[in-house]
Amino acid sequence: MAKETETAVMTNFIYNMIKEDLEKGVLGDKCVHTRFPPEPNGYLHIGHARAVLLNYRLAKIFGGKFNLRFDDTNPIKEEQEFVDSIMEDLRWLGADWQERLFFSSDYFEAKYEFALRLIKAGKAYVCDLDQEQIREYRGTLTEPGKESPYRNRSVEENLDLFKRMRSGEFPDGSRVLRARIDMAAGNLNMRDPVLYRILHSAHHRTGDKWCIYPMYDFDHPFSDAHEGITHSLCSIEYTDHRPLYDWIVDNAVALYPEAIAFRSRQTEFARLNLTYTVMSKRKLRRLVEEKYVESWDDPRMPTIAGMRRRGFSPTSIADFQERVGVSRADSTADLALLEHCIREELETSAPRLMAVLDPIKLVITNWPEGNTEMTEMENIPGDESAGTRKVPFSRTLYIERDDFMEDPPKKFFRLAPGREVRLKGAYIIQCEEVIKDSEGNVVELRCSYDPQTKSGADTSGKKVKGVIHWVSVVHAAWIKVNLYDNLFSIENPEEEKDVDFTDNINPRSLLVCENVPSEPAVAAADPGSRFQFLRKGYFYYDPVATKDDKLVFNRIVPLKDSWAKIKKK
RNA sequence: UGGGGCGUGGCCAAGUGGUAAGGCACGGGAUUUUGGUUCCCGCAUGCGCAGGUUCGAAUCCUGCCGCCCCAGCCA
């Protein structure tokens, strides 16, 4: 399957565009070169995975290169912690930047030189307007802006002031360097955008070396062109910035050619949203800070770290991205597709195990007390190479509470008074007695088994429709299980305008089963591995949550359940 | 009321003038010692709307409608 995603035909507009560029020879002797440019100020989420994988896979498919470059131009917001978590997430996703790990701050000196050259060319000036004045001068969406009174300073004065900005002579906010473009432009980004601001703040990499820092619009195109990025892919909200991107690159090529490896071009694609969750950084932060979830890597979070702990595999995420595709239209992918991807992968790769999430005791009255029989079960049905395991069967078992109904509807195939059902891998049993407590709750089922019906050696000729899983009481290994469900109870929590998004949080997004009996083989499981708990779903042995000898399993996704659909009708 | 972007079935998405791919979801059936899997079958006379060009339009033209983004010294 992993192989399939490697070779699958990509049919999105960016792939087509690059193919065309290659055919036309637009890249000259350059190979395709992409990059993922995160700001290290937060955790990556599934939406970022689209950008990561798109850039990485495009480079890979075309035999090109992929850089990881941190856009660290704002020392106030950025931290090493996020650099580390982002690299961990990328490695986990399989996006390999090889030796090309860069930081935008690596090129601060070159960018300063470029700024000097812009000034000398009369294309940038130091502006003394304060923040509020700059806003006023910018005009509005419908009215043009007006030119700054500092716009026509001499080159000498600009040079002098800019150098003194760098040397730390001026306080934060007192001056900025701006591009000299067009205050009447319909596109606000072109109304003399700020290129540099004064920030007396230590940077996570350059320390106190700088007290002026470039803005994204100046920094990003230059860094791309400097690194020789051929295709600069970004999300759709940057479309308005493209003319400015081109302005910077064109000027860099003209004024500072020795620093430029390629005339980079920007292409935008739509961000990815997912149903039943939120993606905005602000909302995710609130979920953590207001304790709706436990942490950034809570398995209910759409963060890469959260999905990793939930148990999703990198393959399933890549497959999901591939199937969703990429376009320029706003889109919200269906969670069901992601779930399909992980189920498809695990169907053929996850060993089966039995665990009873909501146990009820069942006694086989005609089975000798103290007698244990080892039944042999396939690890992965249909895959002999996955082998078999022995599961102890005895007189007293646990079965799932909802695998029994005292007064069942006709389509119910499981256990009920007088009815027969097969215990998976073992015998067919018949329910003969229902024992209740004083409040009328069913506490125990007494059944008889048919010795003729041993699994694999059935001579009875009996046919039963129901097959249920079970765990032998005395042999049970006790584990903790987290049953996760959607974090939000509505499809598009991000779209609800009139209520706070937290009002739509699903109160049952986590159901903890503290003591779940499971077959003994569970104890031999490797942390970080994935299983199917028979008939219940796919589970991940959470190495983070597991403490001491109490194993913790997270439900990645339940199995499809057509009985649940029938029940609803 | 300025600039930009986008509208193909429930959700994505191919398609770039020759008569609507594919996936997920959904419905039906077969197989099944997981009500899982697998396998069949079905699912847009229609491409935001209205005109026009053309033998022929989702694709070209015109007009309209709807949704999204932009007024950080954030990225």
Side-chain angles (χ1 to χ4, degrees), chain A residues 11-13 37-39 41 71-74 76-78 127 129-131 134-136 138-145 172-178 185-191 193-199 213 215-217 219-220 234-243 268 270 272 275 281 320 322-341 343-344 347-348 352 354 377-378 381-382 411-414 422-426 428 453 455-456 458 463-469 491 532-537 558-567:
Chain A
T11 52
N12 63 63
F13 73 102
E39 182 186 18
N41 73 341
D71 260 0
D72 55 349
T73 59
N74 186 349
I76 295 163
K77 296 167 81 177
E78 294 146 12
C127 181
L129 258 26
D130 65 31
Q131 199 161 342
I134 286 184
R135 192 186 317 130
E136 284 163 13
R138 186 156 34 228
T140 68
L141 293 178
T142 52
E143 300 156 319
D172 288 4
S174 58
R175 287 187 165 84
V176 292
L177 183 74
R178 301 176 70 176
N187 182 344
L188 306 227
N189 295 118
M190 301 301 271
R191 319 242 261 229
V194 172
L195 269 23
Y196 268 92
R197 75 284 216 190
I198 300 171
L199 248 29
Y213 291 92
M215 298 287 291
Y216 168 87
D217 281 318
D219 182 277
H220 197 86
C234 63
S235 49
I236 212 94
E237 69 266 29
Y238 289 101
T239 306
D240 283 349
H241 295 243
R242 193 167 64 221
E268 312 85 18
L272 176 66
T275 54
K281 208 168 272 183
F320 169 68
E322 207 53 55
R323 288 170 183 252
V324 169
V326 187
S327 73
R328 292 181 64 94
D330 292 348
S331 63
T332 303
D334 197 336
L335 217 212
L337 179 58
L338 212 210
E339 297 185 336
H340 169 82
C341 291
R343 283 195 193 106
E344 185 180 79
E347 162 66 21
T348 53
R352 271 62 291 213
M354 293 195 290
M377 294 181 71
E378 297 173 286
K411 286 195 169 175
F412 186 77
F413 302 150
R414 285 112 89 152
R422 175 175 290 282
L423 294 174
K424 175 77 183 175
I428 291 177
T453 58
S455 185
D458 191 327
K463 288 253 177 193
V464 287
K465 276 213 145 180
V467 177
I468 64 174
H469 61 282
E491 242 183 58
Q532 182 191 124
F533 286 170
L534 214 67
R535 302 207 303 135
K536 286 282 130 188
L559 252 37
K560 283 210 238 165
D561 187 356
S562 57
W563 166 239
K565 280 181 194 166
I566 296 169
K567 225 168 25 175

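Just so it is clear: chains get the letters A, B, ... in the order the sequence lines come, proteins before strands, and each one is counted from 1. Since the model is a prediction, treat every value here as computed from it, not as a measurement.
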Reckon [X] touches a base, only the sugar-phosphate, or nothing at all at heavy-atom distances under 4.0 Å?
{"X": "Glu347(A)", "value": "base"}
{"X": "His241(A)", "value": "base"}
{"X": "Tyr238(A)", "value": "base"}
{"X": "Glu39(A)", "value": "sugar-phosphate"}
{"X": "Gly466(A)", "value": "nothing"}
{"X": "Lys77(A)", "value": "base"}
{"X": "Ser327(A)", "value": "sugar-phosphate"}
{"X": "Leu129(A)", "value": "base"}
{"X": "Arg135(A)", "value": "sugar-phosphate"}
{"X": "Thr73(A)", "value": "sugar-phosphate"}
{"X": "Asp130(A)", "value": "base"}
{"X": "Met215(A)", "value": "sugar-phosphate"}
{"X": "Thr348(A)", "value": "nothing"}
{"X": "Lys565(A)", "value": "sugar-phosphate"}

[atom1] atom, [N] versus [M]: distance in rounded Å?
{"N": "C24(B)", "M": "A14(B)", "atom1": "C1'", "answer": "15 Å"}
{"N": "U59(B)", "M": "U54(B)", "atom1": "P", "answer": "16 Å"}
{"N": "A21(B)", "M": "U45(B)", "atom1": "P", "answer": "13 Å"}
{"N": "G2(B)", "M": "A13(B)", "atom1": "C1'", "answer": "33 Å"}
{"N": "U31(B)", "M": "C39(B)", "atom1": "C1'", "answer": "8 Å"}
{"N": "A50(B)", "M": "G9(B)", "atom1": "P", "answer": "15 Å"}
{"N": "C11(B)", "M": "G52(B)", "atom1": "P", "answer": "31 Å"}
{"N": "G56(B)", "M": "A71(B)", "atom1": "P", "answer": "48 Å"}

Quickly work out the [X] [atom1] to [N] [atom2] distance and round it to whole Å.
{"X": "Trp563(A)", "N": "U32(B)", "atom1": "CH2", "atom2": "C1'", "value": "18 Å"}
{"X": "Leu337(A)", "N": "G22(B)", "atom1": "CG", "atom2": "P", "value": "16 Å"}
{"X": "Asn12(A)", "N": "G22(B)", "atom1": "CG", "atom2": "C1'", "value": "15 Å"}
{"X": "His340(A)", "N": "G23(B)", "atom1": "NE2", "atom2": "P", "value": "10 Å"}
{"X": "Ile468(A)", "N": "G36(B)", "atom1": "CD1", "atom2": "C1'", "value": "16 Å"}
{"X": "Asp334(A)", "N": "C11(B)", "atom1": "CG", "atom2": "C1'", "value": "5 Å"}
{"X": "Asn189(A)", "N": "G2(B)", "atom1": "CG", "atom2": "C1'", "value": "13 Å"}
{"X": "Asp72(A)", "N": "A75(B)", "atom1": "CG", "atom2": "P", "value": "10 Å"}

Phosphate contact ([N] OP1 or OP2) by [X] side-chain N/O below 4.0 Å:
{"X": "Lys463(A)", "N": "U33(B)", "answer": "no"}
{"X": "Arg197(A)", "N": "A75(B)", "answer": "yes"}
{"X": "Arg191(A)", "N": "G3(B)", "answer": "no"}

Electrostatic pair Arg323(A):Glu344(A) at N-O distance under 4.0 angstrom: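 So Arg323(A) pairs with Glu344(A) through a salt bridge.
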
Using a cut-off of under 3.5 Å, enumerate the N/O to N/O pairs linking the protein to nucleotides 4-7 of chain B.
residue: G4(B); atom: O2'; partner: Asp240(A); partner atom: OD1; Å: 3.3
residue: G5(B); atom: O3'; partner: Arg328(A); partner atom: NE; Å: 3.3
residue: G5(B); atom: O3'; partner: Arg328(A); partner atom: NH2; Å: 3.4
residue: C6(B); atom: OP1; partner: Arg328(A); partner atom: NE; Å: 3.2

Select one nucleotide: of [options], the one nearest the side-chain heavy atoms of [X].
{"X": "Thr142(A)", "options": "C70(B), A25(B), U1(B)", "value": "U1(B)"}
{"X": "Tyr216(A)", "options": "G2(B), A75(B), G23(B)", "value": "A75(B)"}
{"X": "Asp561(A)", "options": "G36(B), G35(B), A75(B)", "value": "G35(B)"}
{"X": "Lys560(A)", "options": "G36(B), G35(B), A71(B)", "value": "G36(B)"}
{"X": "Thr140(A)", "options": "A71(B), A25(B), G35(B)", "value": "A71(B)"}
{"X": "Thr332(A)", "options": "C12(B), U33(B), G35(B)", "value": "C12(B)"}

Below 4.5 Å, heavy atoms only, C-beta onward: do [X] and [Y] meet side chain to side chain?
{"X": "Asn74(A)", "Y": "Leu199(A)", "answer": "yes"}
{"X": "Ser174(A)", "Y": "Ile198(A)", "answer": "yes"}
{"X": "Ile428(A)", "Y": "Asp458(A)", "answer": "yes"}
{"X": "Val467(A)", "Y": "Arg535(A)", "answer": "no"}
{"X": "Ile134(A)", "Y": "Arg178(A)", "answer": "yes"}
{"X": "Leu423(A)", "Y": "Met354(A)", "answer": "no"}

With respect to Arg197(A), which candidate in Asp172(A), Val176(A), Leu177(A) satisfies the side-chain contact (heavy atoms from CB on, under 4.5 Å) definition?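 Option passing the side-chain contact (heavy atoms from CB on, under 4.5 Å) with Arg197(A): Val176(A).
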
G36(B) base to Arg343(A) side chain: any donor-acceptor pair below 3.5 Å? no

Going from [atom1] on [X] to [atom2] on [Y], what distance comes out if it is rounded to the nearest 0.5 angstrom?
{"X": "Ile468(A)", "Y": "Leu534(A)", "atom1": "CD1", "atom2": "CG", "value": "11.0 Å"}
{"X": "Tyr213(A)", "Y": "Ile76(A)", "atom1": "OH", "atom2": "CD1", "value": "9.0 Å"}
{"X": "Ser455(A)", "Y": "Arg422(A)", "atom1": "OG", "atom2": "CZ", "value": "5.0 Å"}
{"X": "Thr332(A)", "Y": "Glu491(A)", "atom1": "OG1", "atom2": "CD", "value": "8.5 Å"}

Would G72(B) be called syn or anti here, given the cut-off of 90° from 0?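 Syn conformation here, the glycosidic angle of G72(B) being no more than 90° from 0.
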
Can you give me the dot-bracket string for RNA chain B, 5' to 3', counting Watson-Crick and G-U wobble pairs with both distances under 3.5 Å, using [ ] for crossing pairs and | for partners on another strand? .(((((((.[[[..)..(...]]].(((((.......))))).....[[[[[..)....]]]]])))))).....

Mutual orientation of the aromatic rings belonging to Tyr238(A) and Tyr216(A) [parallel < 30°, tilted 30-60°, perpendicular > 60°]: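 The rings of Tyr238(A) and Tyr216(A) sit tilted, inter-plane angle from 30° to 60°.
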
Least distance between heavy atoms, Asp217(A) atom then His241(A) atom: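 Closest approach of Asp217(A) to His241(A): OD1-ND1, 2.7 Å.
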
Let me know, please, whether Arg414(A) or Leu338(A) comes out on the 5' side of the other along RNA chain B by nearest nucleotide.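 Residue closer to the 5' terminus by nearest nucleotide: Leu338(A).
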
